[in-house]
Every structure is written in structure tokens, then in C-alpha cells.
Protein chains: 2
Amino acid sequence: MADLDATDWKILAVLQEDARVGYRELARRIGMSPAATGARVRRLERRGVITGYSARVDPTRAGYPITAYVVVNTSGRRQSLRVSDLSIRTPTVLEDHRVTGTDDHVLRVIVASLPDLEPLIDELNELGKPATTLVLSSPKSWAPVPKPAHVANS
Amino acid sequence: MADLDATDWKILAVLQEDARVGYRELARRIGMSPAATGARVRRLERRGVITGYSARVDPTRAGYPITAYVVVNTSGRRQSLRVSDLSIRTPTVLEDHRVTGTDDHVLRVIVASLPDLEPLIDELNELGKPATTLVLSSPKSWAPVPKPAHVANS
DNA sequence: TCTGAAAGGTGATAACC
DNA sequence: GGTTATCACCTTTCAGA
């Protein structure tokens, strides 16, 4: 919610693809001076548009060949909050979203093997009705947040 | 699948939290020399454990306040492949996973407003039965791939 | 808000353990 | 694989527009 201009989106495009580029190179790619570029980046960080920088890790190559989505159907606010707590406490739960519909939580989980899912399912079973879906492959596993069409191209 | 040691996991922990740290600082945090640290990082990249570096962008602050999961129930390989193609072609579809169960695709989509979802749903309707779930909030929106328990702590 | 130049910090490499 | 030393280059800052 930030009124980003075309230059901001160029910076976001580059930094989402390669967060380790130097300011000199980043500045060259967006057609501005390094100093002004640095100031823009700091502004994007301060406004909370950029929340951090991460190495993208391939879970499979890091020893977690299995990704699963676990949806949970809880009955009431109390259990829902406990699902959130459990998600936050469990390192292999990489995401937890509260959603509309019959199920109220969607968890993305990575594990080294299927048996490793059991303890989590057992815990979730005490808070609601969990249902597990395994990821077979990911035609698109990641993409940058794109520039909206209504922002000029400059 | 790479047989990562405790030092590799320290590097992954730091780079997943802050991909822009310099080698000097990274080396200091893991207790090794900058040169050896750089060599480790390059090895992790070459082996495909680290697939890249990204700025983490908050979709809401970037103008996409709505995140949705769209599951698609297609009938057959042909349509499934066309869903993959559509996902890859559509910038606001950030992820597409083929999954087990009744539905065979799970898409994560961001949009500026609900009407912006319509064109995608329309296209998916020609390939299968889409069902949309909206994200209300994300108790855990991101987490690093964690060091497995069986790797020594060093 | 951007540019340009000075000063201190950083990344890649080589020689050696 | 690891370290230390080196040098060229890059990031940051600040004055000026």
C-alpha cells in the first residue's frame, strides 16, 4: 500500500531475483546513481515493502524431499489460536494461513520422510480435523511479486 | 540431498535470515575465515542447495492486499499441463503445485482486489473445477528451512 | 530527491598448511 | 578444506544542486 513508482518496481524486480547484487550493479541496471539507489532501497525497507532478504533453499536438496499441505478444520477460536501456536513452535511448518471456507488453517510443511509427519498430525488431531495433501511436483515453485499493470513502464 | 554439516547449516541459517550480509560478517557469525566461508557458500550454490537470493516483499504493502489459494480439479493429464502453463504465464500466480487427492493443483495467487481474480477463475474453469480460498491472516507467513535434528550442533 | 568524489570496508585470489 | 595477506573494487557518506 505504498504508491510505488516505476523505479521502485525495477529495484524490486532486481532484488527479488538476486538480493545479493551490489548497489553499483543495481544502480546500473535501473539507470540511476548508486547513492540514489541506496536511498530508494532503504526507503522500501523502512516502509515495510521489503521485509528482509533470504537465500532461497531447495528443501529437497537440504534433506526435506517431502512437502505437504495440511488443512485443519477446527471448531472455534480457541483451537484456531492453538494451531497458530503449534505452527509457530514447529520449525518444519514453514507457513500457516487462516483461511475462509470449511477448513480454517492451511499449513505448508516439509519433512524428511512420511513418518516424520505423524507427530504433527497427532497434535493437530487434538485441535481439529487435519487433512494432508502431498506435493508431487511444483510447476512453479516461486515467483517475484510482479509490477501491477497500471504502473507506467518508464 | 547433500550431506550438509553443522557449518553449512549455520551458513544457511544466516543467509536465509539476511541474504545481504557480507562474507566478513557471515564468517564472523559462523566462526570461520571469510575465504573459507565464501568457498562454502559457492559450494552450496553449485550443489543446488541455495537456488538464489530474494528480497522478501510484503504483497499487501506492494499493492496486493489479497492472497488466495485456488485448488483445481482437472480431468486428465492434458488439462493438468495446461494449468501449469497458465500458472507459469500468469505473474500473479506465485506458486503452482501438483498434489495428491481429489484436487490436482494448488495455486497461490495475489491480487489487488477480488474482481482481479475473475479472469483467472474463468480460464481455470475451462480446464477443470477451481475452488478459491481466501487468506484472512498468516500466523506464520515465512520461516527458514531448519537444520534437521540429527545434524550435530557443533 | 539526485549527483559526484573521498574514505573506509569488502570480495576474490594466491600461497601455504 | 582450512588460514592469512593482498589488492582492486565497492558501499557509504556528505556537500552541493
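Proteins get letters first, then strands, A, B, ... in listed order; numbering begins at 1 in each. Given the structure is predicted, the values throughout are model-derived calculations rather than measurements.
- Using a 4.0 Å cut-off between charged side-chain N and carboxylate O, A:Arg47 and A:Asp3 make no salt bridge.
- Atom CG of A:Leu26 and atom C1' of C:dC2 are 15 Å apart (whole Å).
- Within a 6.0 Å sphere centred on CZ of B:Arg43, heavy atoms belonging to other residues, nucleotides or ligands number more than 12.
- Taking atom CD1 of A:Ile30 as the reference point, atom P of C:dT1 lies 14 Å away to the nearest angstrom.
- Atom CZ of B:Arg82 has 12 or fewer neighbouring heavy atoms from other residues, nucleotides or ligands inside a 6.0 Å radius.
- Per the geometry, CZ belonging to B:Arg43 stands 15 Å off P belonging to C:dA12, to the nearest Å.
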Can you give one letter per nucleotide of nucleotides 4-11 of chain D, going 5' to 3': B for a protein heavy atom under 4.0 Å from the base, S for sugar-phosphate only, - for none? B-----SS

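- Cation-pi check for A:Arg108 over A:Tyr64 is not met; the charged atom does not lie both under 6.0 angstrom from the ring centroid and within 45 degrees of its normal.
- There is a side-chain donor-acceptor pair under 3.5 Å between B:Thr74 and B:Asp104.
- Computed from coordinates, the A:Met32 CE to C:dT1 P distance equals 11 Å when rounded to whole Å.
- A salt bridge is absent between A:Glu45 and A:Arg42: the closest approach of a Lys/Arg side-chain nitrogen to an acidic carboxylate oxygen does not fall below 4.0 angstrom.
- Distances were taken from every side-chain heavy atom of B:Arg42 (C-beta onward) to each of D:dG2, C:dA12, C:dT1; the shortest belongs to C:dA12.
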